[in-house]
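Note that these values count all heavy atoms, side chains included, but never hydrogens, waters or copies made by symmetry. All chains are named by letter (A, B, ...) in the order of the sequence lines, taking the proteins before the strands, and each is independently numbered beginning at 1.
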Amino acid sequence: MPAGLYRALLTFAGAVAAIVLAIAISSVAIIAAGASPGDAFAAFFNFGATDRTLATGLAAMINRAVPLFIAGLAVAVGFRMNLFNIGVEGQYRLAAICAAYVGTVFVGPSWLQITVIILVAMVVGGLYALIPALMKTGRGVSEVISTIMLNFIAINIASFLVRGPFAGQRAEGQLANTTQTLPQSAWFPNLNWIFGAFGLPAPRGGGLWGFLLVAVVLGVVLWVVLERTRFGFDIKASGLNATAAVASGVNAKKMVISAMVLSGAIAGLIGLPEILGDKHAFNSGFTPGLGYLGIAVALLGRNKPVGIAIAALLFGFLDRAQGPLQIAGLPSSVIVIMQGTIVLLVVIANEITGRIAVRREERYAARQLGRNTPVEVGA
Amino acid sequence: MSADTLATAKPAVELEGITKRFPGVVANHDIRITVEPGTVHAIVGENGAGKSTLMKILYGMQKPDEGTIKVNGAEVSFRTPSDAIGVGIGMVHQHFMLADNFTVLENIILGAEPKNVGFLDISAARRRITDLAGAHGLRVDPDRRVEDLGVGDRQRVEILKVLYRGARILILDEPTAVLVPQEVEELFQNLRELKSEGLTVIFISHKLDEVLDIADAITVIRRGTTVASVSPSEVTARRLAELMVGSELPTPETRESTVTEKVAVRVSHLTMDAEGHRTVLPKGVSAEGYAGTLRAEGRRLLLDDVSFDIHEGEILGVAGVEGNGQSELIEAIMGLRPAIGGIELNGADISSWSTLRRRESGIGYVPEDRHRQGLLLEGSLWENRVLGHQTRRPSKSGIFINRRAAKADTERIVKDYDVRTPGIDTLALALSGGNQQKLIVGREMSGEPKFLIAAHPTRGVDVGAQAAIWDHLRNARAAGLAVLLISADLDELIGLSDTLRVIYRGRLVAGLDPSDVTPEQLGGYMTGAIAGTEET
Amino acid sequence: MTRLSKYHLALIGFAVLILLMSLIRIVTGYDDITSSGTFAAALGLAVPIGLAGLGGLWAERAGVVNIGLEGMMVLGTWFAGWAGYQWGFMAALLAGLIAGALGGLLHAIATVSFGVDHIISGVAINLLGPGITRFLSETFYKEGTSAAAAGAGLTTSPGMSSQAPEASLPLLSSGPDLLGMLENTHIFLLSDLAGILRGLTHDVNVLVIVAVLMLPLTFFVLWYTAFGLRLRSAGENPWAAESLGVNVLRIKYVAVVISGAFAGLGGVFLVFITSKYVEGQTTGRGFIGLAAMIFGNWRPGGLAAGAALFGYADGLQQRNSGAVTSFFLFGAVLLLIYIGVKMRGMLGSNQPAELVTRASREYTLMAGAAVGAVVLVWLWLTVDKLPNEFVFITPHVLTLLVLLVASQNLRMPAADGVRYRRGEQH
Amino acid sequence: ACGGSGGGTTASEAPSSAGASSEAPKSALKVGLAFDVGGRGDKSFNDAAYVGLEKAKTDLGAEIKDLSPSSDGSNRGELLRQLADAGYNPVIGVGFLYDNDIKTVAAEYPEIQFAVVDSLSSGPNVTGLQFAEEQGSYLAGVVAANKAKNGHVGFVGGVEMDLIKKFEAGFVAGVKSVKKDAKIDVAYISADPAIGFKAPDKGKVAADKMFQDGAEIVYHAAGDSGTGVFQAAAAAGKKAIGVDSDQRETIKDAKLQPVIMTSMLKRVDVGVFEFVKAFQGGAKGGNNVVYDLKVDGVGLATTGGEIDDLKDKLDAAKKDIVDGKITVPSKP
Ligand SMILES: Nc1ncnc2c1ncn2[C@@H]1O[C@H](COP(=O)(O)OP(=O)(O)OP(=O)(O)O)[C@@H](O)[C@H]1O
Ligand SMILES: Nc1ncnc2c1ncn2[C@@H]1O[C@H](COP(=O)(O)OP(=O)(O)OP(=O)(O)O)[C@@H](O)[C@H]1O
Ligand SMILES: [Mg+2]
Ligand SMILES: [Mg+2]
């Protein structure tokens, strides 16, 4: 079996084993809580009785996965070169409010307006990520610390902006702070026709967010960039062995800055699916915490676009069950426990399978070369 | 000396049928060695023969799969190094095992700390170390930080660590690899003294002259098995080498000159300040003048007004004790560390260029430490081929990496340089050190470089691979390549170089003709024992 | 620089700081800059950060990065609340400690035994902590349980059945309260000192005293005992330690478990203040503790300074959002001092090379500092009250600024965050 | 006990009745409620809503179901849909953060009646349940001003946002109505709801400062952070005013209870119950119901009897407000 295929299979097996083990651990927790794991797992697959509820549930799951996927990508860009951008959280919030605001100020043809909104989000996210990058390259400040601090700062700035300069009109008595609602031209068309193609009715709500397409394109582009281009090679080399990368001519500072800014620019997109596809404004109910979840998703997906997609869908699948679990009278926080244990176990499994693969490769290499096969020496 | 006690005393160490398997590799197979007390017992064998593994077993760091160990006649079974330390065994490892940020004292007492009502008894430790150091002539300042020490001092700290634990059996795994002849002689003096005090020394080295010089008995290991036990009085270095590999020793002899008139590389007044960050000189100040000013100010200069030319077809060897500026010199030329002064390649001033641009313009670089600077251990061989050539054909096409071409070229290197590997998708970490080194040399030689910086190109590489690498260097030189060779192996330096320079405290202190210099002379310049005079 | 002069320098710096604070109090009229109330608040806010930082210190000195402090702290809060309402504050302390330690154990298993990347494992633990505690609340505090009857809910535990005692200095900060009297005189420097002292000694929770004592204790254990030497060696060069018979794996386990225990203790402290568990009450303090530790160059003293800075800024902004503007003045004064020191240095030195090589860079720096000072003074004069959002971020911004200035002199343990496996040289 | 009453039947019944539930007969009253972040058991806002829901169960024989959103609140809309699909009608969202989601979901399920607490009606089948927090806070201000001999009082808000500012505005107006020159300290804890309502230690710092400066009574609208305000009051030997529910009852800590002079009640339970009752009576949405002093949707708790002496003054103030003689501002 070729080494690459073997490694892939082993990784997959490890992930499956980790998930099974995580399910077992969660089952114990569920039993300890006095409920039946069987009911719980039934709830995970309970998508309601009708085709409509099925479509709605699927859309909810995918819609949850889209921002998680983007967040995972953003985090992964840095992680691949051991750059820990914990600041995705702050970057996307700041980007989201700025994009939502610009979307109300600049009105144009739909395609242009949406493009502008996307660009603004990426620029704001990238610029905010530039701060920790410069602090690292210029003054050696650990990005882990600076980005954590900058998250607190970004959250406050965003809340200032939505309360003050970027605040939109509100009805008397409406308490949620919000930007102006985006004009229809900035609403991203949904993808409900996909359900039609499978003979399902359109899901309810915002439907399947059209931003999914952007995310898919982003994933493919990022895969190409990371796996096939020189820039991707430099990132990989910096991650595997930073000193060797520098000795080979990679400009370490430039890499830190470009990877961080790229990560921030992608992070800028995290909030857009929700804003363009559903809420059409940045308001108090804007989903927080996706940056932190993105870290978990990236880890689960081993910093690779395909893995991240799978991990995001898994998280989306688990999160969707919040309602069904409660309707069945079960503690829904078991979901978070499952997510946490899966991440931890998958990471441990990665470690173990990685070691097995290396061992095998070494053994294979040694066998091929016949090194140190004992020679018989006459006594 | 202790000849009469030998008859009655039990062997200090007896290894019986030791076997150790690693995944896919039998590192040791049925090893039998008997070490008499109060002797220096040398163990020789080519790279990967299993010497270090065997010593780690004796020191409790690895568990043997089979076999028995007897120390002073009693059978022992070690689980950890502390068990070995407990029966009086100490080991100085092939690579330094020191915490740089600790003081000498802290490094020495670690794991055997003197205590006074629960607290460290620093003053007792200091007294003990000073006594020990005095008694064995191992001078070190216990309160200095290890990071500030040179290699010779570090080696002494390593030996003190062992003596501090009251070891009666010392294992020294290649202690001389980083020392110059004078330091080696000093070390041997210490060893003889220890021996006269009744201590037993197990000594590993690739330098067979040294082995013959110091050892009372020699054991040869080949492919994990003991193949011979000889007495140094009965063998020559050549015979030993044949026992080790079963073939003739290659030599780096190279006399017919290929040096041309054309200057390929010109380094002028290269100066590096220990604290400075500046890379651009102020207007109107020459590098030479600047160096003078800094010197007058009493600054510590890592490189002090270094100038030399290398012609096409010339190998310039730079000798020096590690830590005298060799690393800084090559890193400055590669643009990895800022320095002031001129660096020209074929007439173009490259001193302000980025590392990448320097590489693109035809500089090859075989780094000192292949694991740190040369390889992506967790990357495949072909990815390692791309490293440093991301922006050049055949590895690139546009903004993309040309995987197919890179793989094809890796196949070429594997073939031409005899890299022993099951395939080019193998991870680099699966290769032995020598094969990794051949891959690096092959990579750096590809793309027809004009100038090659080769730092310790054969360090830790066994004799067969050594010869292959030397051949490649010679061939490239004949084709007009300029080479800056830095090596701790003086035979290699003398044998390969067309011109020799000695670096001492950041200065080039001597220019020597390799055809009439001995390693001892060279060592004299390197340690500053002979004052340098610029010749050539 | 010798040890002694370093020590003296710190003392002088400290004195100058207090002098400056006193001056600025007089100039701006914000008594809260040195009031006992501010310092009491600062102490209270600094303690959980400091405890988390100590947790980080223990782990990182042994070579294990612990970004999971936050999650371990969360575990500490829940179990402290749970044990506290049933058996009182001692039980709360123990339970929180043990819960944090168990979090540490999990981190140790993942990183030390399985070689998982330290950051990754920490992130997973931060995910798990809140998940587990929410689950426990859902299970133990649900309607119908006796805990619920006693006031528990999904997001809170019942109140603790007994409180940790508090202590004050007799005479000085309690009873006649001499310091308090002195503070109220508002005399330059004198009342400031009194305020600071009183704030740090009035009605101090025992856990605060314990936490503060942990700093010198940590210092002594890590730097003056054999165990400490071994622990630090695991963070500097575990292979060397291993080769000398030190059981590096065990040391790392112990260190990370202690690290978790400290984080848990930080959680206990929060519960003590609240006298019950409140979901989410850690609010990122584990991370800030980590920052304080890096800020403090992986040393207890520095870490205390980092925690104190954060606690002070947080306490001041919480008590008096207007007083935050005096940081502008403070910054301006510091910049002016910097310029002054530099000028003296430049005028005093007549070494040409110094001038030639450094001058342009130095001038740029000084010009920047001057511009900065002017801007800050202008801000101080014009800004009357900042929007609250900008007040809330004061401690974070200050931490970033100080890191910007200090970070290049920081030195982390050489093998911090490095995967270590027995018998394998890296 | 979580859902124990309704769970058994829901599991088997819900899917089959999902489609046809819109025309459910009144005897099969099924009320669904989705909480704000924090969920049931928060001893505050959400629990108040639950009390109303339970009352609907006991008094009206409703079958009830309550769901809590995930900790980031990303699934508010889904919860509403899941309730609607499971046959619940009416469906209630607790908290103004539901306004957007209720609007979209209500449009998708025109046959189902919705209500949103703390926000406005956004469709013909949506009832906005609003509370005049400023009016209740006004009374709290009257109490504080009358009880504080030196005329120095304080207000601690958990999160700087419009909802909490309503409390502040009412309180300040109430204090000023009694003592024009009163000194009123105002502090907010954070801009981030994830911190502001959950930081009792910071609540204590803010209140400590006010008490040290001489404030006699501090009113809080800071969720769990309010505990810190009570502690500060207890330590200073001063008084505090609670919020939302009768905190002298719900705070079980014997040391803190005596400092809680009164609490400003926000009767979310009444709002929820009345809405369900009206629904049963056939009422349709499209309007806002304001729970103010007139309908006792807000008010003061009298547990402990500490404000009994102010009964007349409070009644007078209340009457003035109800009669429209006084308009309490809802913005500071
Ligand atoms: N930890 C290990 N795991 C797997 N294989 C190992 C390990 N350590 C050593 N080996 C293998 O055992 C063989 C013997 O290695 P060892 O280090 O003992 O050789 P050596 O004689 O000391 O070589 P050198 O002269 O280079 O120091 C090598 O071929 C190596 O492949
Ligand atoms: N700790 C280890 N774990 C796994 N494999 C190892 C280990 N150490 C060595 N090896 C294996 O041993 C071989 C290389 O060993 P080693 O580094 O001793 O080679 P070498 O020829 O002695 O080179 P060097 O002189 O650089 O040490 C490789 O096959 C490597 O995979
Ligand atoms: Mg080796
Ligand atoms: Mg060896």
Looking just at side-chain N and O atoms, do [X] and [Y] make a donor-acceptor pair shorter than 3.5 Å?
X: C/T156; Y: C/E279; result: no
X: A/N151; Y: A/Y292; result: yes
X: A/N177; Y: A/S284; result: no

Pair A/S333-C/E138, side chain to side chain donor-acceptor pair (under 3.5 Å): steps then yes or no: CA-CA 8 Å; A/S333 57; C/E138 279 181 0; 2.9 Å; yes

Side chain, backbone, both or neither: which part of [X] has an atom under 4.5 Å from a heavy atom of chain C?
X: A/I153; value: both
X: A/I337; value: both
X: A/I352; value: side chain
X: A/A32; value: backbone
X: A/L293; value: side chain

Segment of [X] engaging chain A (4.5 angstrom heavy-atom cut-off):
X: C/V397; result: both
X: C/I294; result: side chain
X: C/T399; result: side chain
X: C/I119; result: side chain
X: C/I67; result: side chain
X: C/S113; result: backbone
X: C/T283; result: backbone
X: C/V116; result: both
X: C/L106; result: side chain

Quiz item: Listed by chain and number, what are the ring-ring contact (aromatic ring centres under 6.0 Å, His included) partners of C/F390, not counting sequence neighbours?
Solution: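 Counting only residues at least two positions away or on another chain, C/F390 forms a ring-ring contact (aromatic ring centres under 6.0 Å, His included) with A/F160.
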
Residue among A/L344, A/V336, A/I157 with most heavy-atom pairs under 4.5 Å to chain C:
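Heavy-atom pairs under 4.5 Å are most numerous for A/L344.
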
Looking at A/I295, A/L345, A/V347, A/N350, which has the largest count of heavy-atom pairs under 4.5 Å with chain C?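 Ranked by contacts with chain C, first place is A/V347.
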
- Query: Which residues pass the side chain to side chain contact (heavy atoms under 4.5 Å, CB included) test with A/P37, sequence neighbours left out?
  - Reply: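 If we apply the side chain to side chain contact (heavy atoms under 4.5 Å, CB included) test to A/P37, skipping adjacent residues, the hits are A/S27, A/I30, A/I31, A/F41.
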
Any [X] side-chain heavy atom under 4.5 Å of [Y] side chain:
X: A/F282; Y: A/T178; value: no
X: A/N283; Y: A/V162; value: no
X: C/W298; Y: C/D416; value: yes
X: A/F166; Y: A/I97; value: yes
X: C/V256; Y: C/L105; value: no

Toward chain C: residues of residues 79-90 of chain A with heavy atoms under 4.5 Å =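 Counting heavy atoms that sit under 4.5 Å from chain C, the residues of residues 79-90 of chain A involved are A/F84, A/I86.
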
Side-chain donor/acceptor of C/T282 to backbone N/O of C/R285, under 3.5 Å: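 Here the side-chain-to-backbone pair does not exist.
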
### Message
Angle between ring planes, C/H118 versus C/H107, binned at 30° and 60°: parallel, tilted or perpendicular?
### Response
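Correct class here is perpendicular.
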
**Prompt:** Looking at residues at least two apart in the chain, or sitting in another chain, which of them share a side chain to side chain donor-acceptor pair (under 3.5 Å) with A/S26?
**Reply:**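 Per chain and number, A/S26 pairs via side chain to side chain donor-acceptor pair (under 3.5 Å) with no residue.
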
